[in-house]
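First up is the structure itself, then whatever we jot down about it.
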Amino acid sequence: MKKFLCIVAAAAALCACKAKPQAFSVIPMPNEVSLQEGVFPVKGAEVSVDLSLDSLSRLAVGRFVQALETATGVKTRSGEGGFRFLLNPNLLEEQYAIQIGKDGVLVEASALNGFVYACETLKQMLPAAVYGKVKAPREAWVLPYASIVDQPRFGYRGMHMDPSRHFWTIDQTKRYLDIMTVYKLNRLHWHLTDDQGWRFPSAKYPLLTEVGAWRDGTCIRKDWDSSDGIRYGGFYTADELREVVAYAAERGITVVPEIDIPGHMLAALAAYPELGCTGGPYKVWQRWGVSKDILCAGNEKVFTFLDDILGELTDIFPSEYIHVGGDECFTGDAEPKRSDPWDVCPKCAARMRSLGIPRGPKAKHYLQNYVTARVQQMLEARGRKIIGWDEILQGKLSPGATVMSWRGVAGGIEAAEKGFDAIMTPNSHMYFDYYQGDERDKEPFGIGGRVPLEKVYSYEPFDGITPDAQEHILGVQANLWTEYIATQEHLEYMLLPRLCALSEVQWCDAGRKDPARFDASLDHSFAILDAMGVNYSLDCRGLVGLDRIPARDSAEMAAYMESKEWSW
Ligand code: ACM
Ligand code: ZN
C-alpha cells in the first residue's frame with residue numbers, strides 16, 4: 001500500500017513539473033517580482049498558519065484555502081510542506097512577501113491587509129477557476145517559483161457606490177466589495193443620501209426612511225419632466241449596514257459613509273420640511289440634476305439634526321473619515337440669485353450678518369464654510385475626520401479637512417498646495433458613469449462624457465503637484481453615480497474593466513505601470529470575472545494593438561443591447 005502511494009505521489013510530482021503555470025498576469029502588478037524556473041504543485045498541498053495571526057487574517061487565509069479546495073476538488077492538509085502563512089512584524093500594514101520554491105509557498109505579512117493581498121496575488125497566479133464555484137481538476141494547479149515583495153503606492157484606494165439614485169441591496173454591495181477585493185482596493189465610499197433617496201436609518205428621525213427613501217416615480221432618460229410613475233426606493237437597516245461594514249473589514253476594506261451636506265438634501269427635506277429655507281412642501285426628486293432646495297444654514301434645528309444624524313452614523317461606521325458631501329449647493333456659480341434659497345431666506349441672511357459675511361459673490365461660499373466647520377467640529381468631537389467634495393475649498397476651509405477633487409484635478413492640486421490632504425477622483429479620468437466605448441449608440445444609455453479604459457490607466461495623481469505637496473495626496477478613487485444605471489449587469493459593465501486600470505493607478509509605483517503588460521494581463525482578468533459571474537465591458541480598446549482585446553462586433557453588440565431592454 002505504501003509503495004502504491006509513493007508511486008502516485010511521484011507521478012503527481014512529474015505531472016506538476018510538466019504543467020505550465022498561468023502566465024504572470026496579476027493586476028495590479030506587484031511592485032517587486034522575480035520569477036524563477038520551476039513550479040510548485042498546489043493541489044492538495046499542506047497548509048500551516050502561524051498561531052499568532054489575528055482572527056481576521058486567519059479568516060482571509062481560510063477563504064483562500066477554501067477557494068483552492070473548491071476549484072481543485074482536493075482537500076488541503078495541515079503540515080509544513082506547502083503553504084506557510086507567517087506573521088512578520090517587520091513588514092508594513094499593507095505589505096506582503098511571497099516566496100515560492102521547491103519547499104513550498106511562504107507567505108508573510110504583518111496584518112490583515114497584507115494577508116488579504118498576498119492571497120489575491122496567489123489566486124491571480126493560478127488558473128482563473130480558483131475564483132469560481134465549480135471543480136476544475138484538469139487545470140494546471142501549479143505556482144511558478146517566484147519572489148514577491150509588494151506594497152501599495154497609495155494608502156487610500158477607493159471606489160464609490162451610489163445607492164441613492166438607484167438602490168443596491170446588501171448582497172449586491174457585498175459583490176461589489178468582492179470585486180474590489182480582487183484588485184486590492186481598501187475604501188468603499190458609500191453615498192447614502194441624495195435628492196432622490198435617503199438610505200440611512202435613523203431612530204431619531206424615522207421619517208427619513210419612511211418618507212425620504214421613496215420616490216413616486218423616476219424620470220425617463222433625460223426627459224426631466226417625465227415620470228415612469230413607479231414608486232421606487234429602499235433603505236438599509238442598522239443591522240444590514242453593520243453587516244456590510246463587517247464584511248468589508250474582513251477584506252481589509254473600510255466603508256466611508258457619506259451624508260451629503262448641505263445640498264443634495266431634498267429627500268431629507270421631504271421628510272422634515274422645517275429643515276429647509278422655505279419650509280416646503282418638498283418631494284423626493286424624480287429627476288436627476290442638482291436641486292436648489294438645500295438645508296437652511298440659519299436654522300439651529302438643522303445643526304441639531306446634523307449632530308444627531310452624525311452621531312447615529314458614527315455609531316455604525318467605525319471609519320476614521322466621514323464624507324460630508326458639500327458639492328453643488330448652489331445653482332450655477334455663487335452669484336446671488338432669487339432662485340437660490342440662501343439668497344432670499346431671512347434666517348440665512350441673519351446668520352450671514354451675525355458672522356459678518358459681506359454681501360457679494362463669495363457670501364454663499366463663506367456660509368457654506370460655516371456649515372462645513374460646524375459639521376467638522378461635530379465629527380472631530382467624536383474622534384473622526386471629514387472628507388468633502390472640492391467645493392468645500394471655496395471661501396475658507398478649516399484645517400484638518402480632506403478634499404475630494406472631482407471637478408477635474410484643480411481642487412486636489414489647490415488643496416495639496418495649501419496643505420490640505422486630498423483624494424483625487426477627477427471626472428476627467430475617474431468617472432465610471434461616463435461612457436467608455438467610442439460608439440455611444442452601442443452602449444447602454446448613460447449620463448454622457450467619455451472615460452475610456454486607456455484614459456483611466458494613463459492618470460498620474462502627482463501631475464501638476466509640487467514635490468513638497470505630494471505627501472498630501474492620500475490616494476485615488478473612481479466614482480460610479482447611478483442615475484442611469486439600474487441593474488447589476490449595467491453596474492458591472494460600467495465598473496469593469498476600468499476598475500482594473502484604476503487599481504494599477506492606485507497600487508503601482510510610479511514607472512511600474514506598463515500599458516502593454518496591462519493589456520496582455522486583461523485576458524486573465526476577464527477569465528477571473530467570468531469565473532465570478534461578473535459582467536464587464538468588452539468595448540474597451542486595447543491600450544496597444546487595438547485588436548488584441550476581443551471587441552464584440554457591432555451586430556452582436558446591437559443584438560445584445562436589444563435583448564437587455566435597457567429601460568432607464
Ligand atoms: C459630484 O459628482 N457631484 C461630486
Ligand atoms: Zn435659510
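Note that ligands are numbered from 1 as they come in the structure, with each ligand's atoms numbered from 1 the same way.
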> Are side-chain N/O atoms of Trp389 and Glu258 paired as donor and acceptor at under 3.5 Å?
Replying inline: yes
> Rounded to 10°, how many degrees is the angle SG/Cys345-the Zn ion (ligand 2)-SG/Cys348?
Replying inline: 110°
> Is it true that His160 and Phe432 have ring centroids separated by less than 6.0 Å?
Replying inline: no
> In terms of ring plane angle, is the pair Tyr431 and Trp481 parallel, tilted or perpendicular, where the classes change at 30° and 60°?
Replying inline: tilted
> Are a donor atom and an acceptor atom from the side chains of Tyr183 and Gln506 found within less than 3.5 Å of each other?
Replying inline: no
> Protein residues near ligand 1, heavy-atom distance below 4.0 Å?
Replying inline: Asp327, Glu328, Trp389, Trp406, Tyr431, Trp481
> Mind checking whether Thr173 and Leu188 have side chains closer than 4.5 Å, heavy atoms only?
Replying inline: yes
> Are the ring centres of Phe167 and Tyr236 closer than 6.0 Å?
Replying inline: yes
